[in-house]
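Notes follow once the structure below has been shown.
Quick caveat, the model's predicted, so the values are computed rather than measured. Order of the sequence lines sets the chain letters (A, B, ...), proteins ahead of strands, with each chain counted from 1.
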Amino acid sequence: MPKVLITGNEALAEAAVRAGCRRYFGYPITPQNEIPEFMARRLPEIGGTFIQAESELAAINMVYGAAAVGERAMTSSSSPGISLMQEALSFMAASELPAVIVNMQRGGPGLGNISPSQADYFQAVKGGGHGDYKLLVYAPSTIQEIVDLTVLAFDKADEYRNPVMILGDGVLGQMMEPVELPDITPKTVDKPWALTGAKGRPGKVIRSLFMLPGEDGALERQNYKMKAKYDRMCEHEVLCEMVQTDDAEIVLVAFGTSARIAKTAVHLARVEGIKAGLIRPITLFPFPEKIIAEIAGRAERFLVVEMNLGQMVEDVRLAVNGKAPVAFYGRPGGAVLAVDDILSAIHNCVHGKEPEKIYTGSE
Amino acid sequence: MHKVFSRPSSLKDKPFRYCPGCSHGVLHRIVGETIDLLGVRDRAIGIAPVGCAVFAYDYFNIDMIEVPHGRPPAIATGMKRSRPEAIVFSYQGDGDLAAIGTAEIVHAAARGENITVIFVNNGNYGMTGGQMAPTTLPGQKTTTTPGGRDVRLAGNPLRMCEMLATLDGPVYIERVSVDSPRNVQNATKAIQRAFKNQIEGRGFSFVEALSMCPTDWGLTPKQALEWVRNSMMKYYPLGVYKDIGSAQGVKGQERMGQV
């Protein structure tokens with residue numbers, strides 16, 4: 001199949017179309033505007049729907065409505081816009097509705113800047129809205145992976161009846177790489193729960209409110225039902241890339257754009273004779289905690305590298321569970337990591353006394 | 001024996017749990033009868049708000065959804081654009097539609113979405129115990145305007161029909177009341193019209209119903225009727241605020257590619 005040179009944002013949009021997404025609702029925000037602009041051109045050609053909503057609140061609720069009638073629907077935004085969507089994401093998870101939400105992260109907090117960042121990790125993986133719920137979260141690190149994970153995201157959203165997030169950043173959205181766009185027949189999924197009009201049957205209800213008379217305990221039961229679903233995700237959906245971890249003495253852990261840079265640092269460290277390796281979580285929820293725990297049994301130390309002040313490092317420390325020291329190197333505020341800085345962090349981890357306290361960002 | 005009165009098949013055989021004197025029961029019944037009359041029960045989808053009418057999903061025997069506060073018009077947009085054959089309506093209170101959801105209703109109206117909106121205006125937040133609503137009248141006492149609504153501090157009420165009628169998108173906007181048999185008949189005609197417009201692809205239709213909340217107003221049902229007639233109707237006059245002919249309505253739909 002011939003490859004095309006394409007930006008991450010446009011590749012993602014085309015992959016969504018090929019995965020059967022015909023309903024897109026969004027609101028402009030940098031650095032993801034190529035997605036709505038692409039959808040505005042592409043979807044009307046094939047009988048789909050594009051609406052530029054009046055806000056991110058409206059956009060995600062339009063997705064909610066389209067999902068409730070059984071459509072494959074998507075929205076995309078960047079950090080501040082994703083914050084505005086958290087209410088509806090909580091409702092959709094509670095109502096068990098599938099959809100794909102793309103966050104091409106930018107620097108924060110607040111309006112921040114439009115540079116790439118990974119500071120929305122907590123929001124994405126811990127349930128950014130209210131209540132006990134989770135999103136299935138994919139973190140691509142190449143444009144090809146954006147394409148492949150977007151197709152997978154629609155399938156998994158339908159399979160689990162849960163919103164799925166693709167967590168990218170400004171680098172991945174804006175960068176061009178050659179990719180193969182798959183020629184696929186979208187999976188058709190039976191959706192007996194969808195609202196289609198009550199022809200020849202009683203009315204159906206999609207809801208997240210459980211307080212009718214006689215419904216004592218119903219909300220707790222619904223939460224346990226959702227937990228069982230998240231447990232199934234943890235069992236079956238973990239995706240993770242490992243680079244030279246078999247004999248690694250120092251294991252880096254990084255996702256997305258950071259992982260691309262960390263991979264180069266690992267190779268340079270190997271050239272110097274340092275036994276370095278990399279764990280790259282591809283799913284951030286479910287998190288590859290078992291894999292990390294297993295490697296913690298044999299690696300001497302860990303170094304977590306993120307474009308934030310240290311978020312995923314907390315999950316790595318929980319997985320390592322005290323079996324090895326876990327250091328952190330990262331930069332917040334839309335600063336992109338440099339290979340040399342990660343390499344220095346590796347040197348200091350290997351030789352330093354308190355590696356986790358040395359690196360707090362560039363001066 | 002000839003049966004002259006029965007429960008609409010679009011309503012469940014379930015007693016309403018609304019307060020005595022509340023208008024939701026009457027309005028639910030009108031909506032249910034309308035869906036039956038127009039023969040669209042098999043493709044109707046209703047959207048319940050947050051507020052007292054959140055439990056609408058438990059009373060209508062049609063496909064229903066309950067959604068975040070104020071967002072029903074956005075939900076309706078996603079549904080109707082995905083499934084144009086569906087008859088989609090939102091049923092919203094004044095807090096839902098005229099406070100937290102103002103942006104969604106204005107923009108759904110401006111886009112001329114081919115949906116039906118039933119707006120129930122009782123001038124306060126009933127579900128949460130009678131706080132000030134965007135439609136609370138000047139001087140009206142609520143739990144958060146204990147001395148009466150002081151417009152210098154709490155702002156002025158919103159007249160949604162009048163506001164939305166300034167937009168090019170809607171085809172039909174009417175304010176009704178259900179305080180008397182005659183007004184119930186008028187409200188029924190208006191709601192039928194609002195659904196018929198959608199069935200015929202004419203576009204955005206909006207019916208506001210002045211409604212009673214004796215419990216949170218601290219009035220008897222009879223006093224509450226007087227409040228609707230003597231106070232609410234003065235600030236919120238009944239009548240048709242927009243009604244563009246079918247030809248123009250159809251043109252609007254052609255513009256949106258929905259015909």
- Item | Residues from residues 65-72 of chain A approaching chain B under 4.5 Å (heavy atoms) | A:Gly65, A:Ala66, A:Ala68, A:Val69, A:Glu71

- Task: Could you check which of B:Ile47, B:Ile87, B:Thr77 has the highest count of heavy-atom pairs closer than 4.5 Å to chain A?
- Result: B:Thr77

Show me the donor-acceptor pairs within less than 3.5 Å that the side chains of residues 50-57 of chain A make with the rest of the protein, sequence neighbours left out.
from: A:Glu54; atom 1: OE1; to: B:Arg111; atom 2: NH1; distance (Å): 2.9
from: A:Ser55; atom 1: OG; to: A:Leu57; atom 2: N; distance (Å): 3.2
from: A:Ser55; atom 1: OG; to: A:Ala58; atom 2: N; distance (Å): 3.0

- Pairs of heavy atoms under 4.5 Å with chain A: top-ranked of B:Ala108, B:Ala76, B:Pro68: B:Pro68

- So which part of B:Ala44 gets closer than 4.5 Å to some heavy atom of chain A, the side chain, the backbone, both or neither? backbone

- Short question: side chain of B:Asn61, backbone of A:Gly203 - any donor-acceptor pair under 3.5 Å? yes

- Whether B:Glu66 side chain and A:Ile206 backbone form a donor-acceptor pair below 3.5 Å: no

- Query: How close do B:Met64 and A:Leu195 get, heavy atom to heavy atom, and via which atoms?
  - Reply: O-CD1, 3.6 Å

- Taking all atoms of both residues into account, what is the closest heavy-atom pair of A:Leu209 and B:Tyr57, and its distance? O-OH, 3.1 Å

- Pick whichever of B:Arg17, B:Glu85, B:His69 has the most heavy-atom pairs under 4.5 Å with chain A. B:Arg17

- Task: Identify the heavy atoms of B:Val67 and A:Phe91 that sit nearest to each other, and give their distance.
- Result: C-CE2, 3.6 Å

- Query: Based on non-hydrogen pairs under 4.5 Å, which of B:Ala103, B:Ser82, B:Gly46, B:Gly101 is most in contact with chain A?
  - Reply: B:Ser82

- Task: Please determine if A:Lys199 and B:Asp63 form a salt bridge, counting it only when a charged side-chain N lies under 4.0 Å from a carboxylate O.
- Result: no

- Message: Donor-acceptor pair, distance only, cut-off 3.5 Å: does the side chain of B:Arg41 make one with the backbone of A:Ala198?
- Response: yes

